[in-house]
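Down below is the structure, laid out as structure tokens.
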Amino acid sequence: MVLLFGPPGVGKGTQADLLSKRDKFIKFSTGDMLREEVASKSDLGNEIVDYLNHGALVPDNIISALASQFIEKHKADHILFDGFPRNLNQAQTLTKDLKRLLLSLKVAIEMHLDETEIIERLRNRRYCPQCNKIYNYVTNPPRQEQVCDICKTALVKRNDDDEKVIRKRLDVYEKETRPLVDYYKSHRIYERVEATDSQEEVFKKISHIINAHTD
Ligand code: AMP
């Protein structure tokens with residue numbers, strides 16, 4: 001079990017996709033899951049839509065219930081947690097859930113990027129609402145303008161990739177998520193990766209860390 005965390009726009013989703021494709025990880029991405037609920041207009045989706053649109057965290061009880069179900073179902077697999085946990089309470093619940101199943105996190109990797117670059121990346125980010133593939137008009141454009149390479153669906157900008165909401169999400173990261181650094185340092189499984197390099201370079205660094213912690 002491996003965990004990727006870091007501020008919005010740092011490239012967690014892209015790296016999580018690469019890891020699940022190349023290293024057989026099963027990805028647990030709360031962001032993708034929550035956006036799908038919102039798009040399907042399910043009861044849960046209607047309950048959480050305002051949190052997502054305003055860049056606030058969805059309540060812990062909803063998130064931890066989704067996580068427990070997922071872990072129970074995939075306990076025999078290598079799970080990659082992407083964007084979860086987002087605060088100390090979620091992290092502590094995750095530790096307990098895993099312990100109950102005699103499992104544990106091998107490493108918690110924080111991806112780091114300067115704020116100016118984060119904002120620039122988020123401005124240029126688009127994603128496919130069908131298969132969730134992430135693009136960036138500057139660093140990773142689709143082959144055909146505004147169309148997903150894989151499923152040919154029209155790409156969209158996330159509602160929360162708007163300048164004001166981006167600031168709020170960065171703020172939430174500092175206040176709520178940053179304390180995970182000390183939490184995982186105290187568990188001796190914290191690692192940090194600079195995310196300035198190309199996707200492939202960052203992928204190599206992350207794979208190296210994961211191999212060192214899982215062998
Ligand atoms: P992400 O795709 O990871 O950037 O998440 C998008 C949004 O989904 C966040 O801004 C939150 O509103 C919500 N969200 C995702 N993961 C969590 C989580 N673990 N806890 C609470 N809210 C979350």
Side-chain angles (χ1 to χ4, degrees), residues 1-20 27-40 42 44-71 79-98 105 108-113 115 117-119 121-136 155-181 183-184 195:
M1 311 274 156
V2 168
L3 189 160
L4 271 188
F5 71 109
V10 78
K12 296 184 296 289
T14 303
Q15 293 299 326
D17 284 344
L18 290 176
L19 286 163
S20 59
K27 183 177 73 154
F28 176 66
S29 163
T30 37
D32 285 352
M33 224 175 224
L34 299 173
R35 271 185 294 282
E36 277 161 20
E37 290 292 338
V38 170
S40 73
S42 65
L44 175 59
N46 294 334
E47 193 183 333
I48 61 174
V49 63
D50 284 345
Y51 293 99
L52 269 80
N53 285 343
H54 293 103
L57 293 187
V58 170
D60 290 346
N61 59 334
I62 296 179
I63 299 291
S64 291
L66 289 175
S68 299
Q69 279 168 24
F70 190 91
I71 295 166
I79 302 177
L80 172 74
F81 296 99
D82 158 28
F84 164 84
R86 275 299 224 272
N87 61 22
L88 272 183
N89 186 32
Q90 292 179 15
Q92 285 159 347
T93 309
L94 174 64
T95 304
K96 278 190 222 143
D97 277 353
L98 291 176
L105 280 178
I109 304 170
E110 183 191 29
M111 294 177 65
H112 178 263
L113 201 61
E115 192 172 306
E117 196 169 338
I118 285 178
I119 293 173
R121 283 196 189 180
L122 289 176
R123 271 206 203 105
N124 289 301
R125 175 163 78 175
R126 298 293 183 278
Y127 84 107
C128 171
Q130 186 63 35
C131 71
N132 289 322
K133 188 170 163 53
I134 305 157
Y135 296 87
N136 184 292
L155 301 180
V156 294
K157 186 170 173 163
R158 278 170 49 169
N159 284 342
D160 58 353
D161 280 349
D162 148 277
E163 184 98 30
K164 237 167 84 190
V165 185
I166 290 172
R167 299 251 169 229
K168 162 80 178 164
R169 288 159 65 210
L170 288 171
D171 208 38
V172 167
Y173 183 78
E174 286 307 318
K175 292 202 181 101
E176 305 267 348
T177 315
R178 182 78 72 190
L180 297 188
V181 171
Y183 180 76
Y184 288 119

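Just so it is clear, the structure is predicted and the values come from calculations on it, not from any experiment. For ligands, and for the atoms within them, numbers begin at 1 and follow the listed sequence. Just the heavy atoms: all of them, side chains too, but no hydrogens, waters or symmetry mates, feed the values below.
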Interatomic spacing from [atom1] in [X] to [atom2] in [Y] - rounded to 0.5 Å:
X      : Y      : atom1 : atom2 : result
Leu3   : Leu94  : CG    : CG    : 7.0 Å
Ile62  : Tyr51  : CD1   : OH    : 6.5 Å
Ile118 : Arg125 : CD1   : CZ    : 10.5 Å

#### Entry: Asp171/Lys168 ion pair, N-O < 4.0 Å
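Here Asp171 does not pair with Lys168 in a salt bridge, since their nearest N and O are not under 4.0 Å apart.
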### Message
Check this for me: does any side-chain nitrogen of one of Arg169 and Asp162 sit under 4.0 Å from a carboxylate oxygen of the other?
### Response
no
### Query
Near ligand 1, which protein residues have a heavy atom under 4.0 Å away?
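Heavy-atom contacts below 4.0 Å: Thr30, Gly31, Leu34, Arg35, Tyr51, Leu52, Ala56, Leu57, Val58, Ile63, Gly83, Phe84, Arg86, Gln90, Arg158, Asp160, Arg169.
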### Message
Which label fits Phe84 and Phe28: parallel for a plane angle under 30°, tilted from 30 to 60°, or perpendicular past 60°?
### Response
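Ring orientation, 0 to 90° scale: perpendicular.
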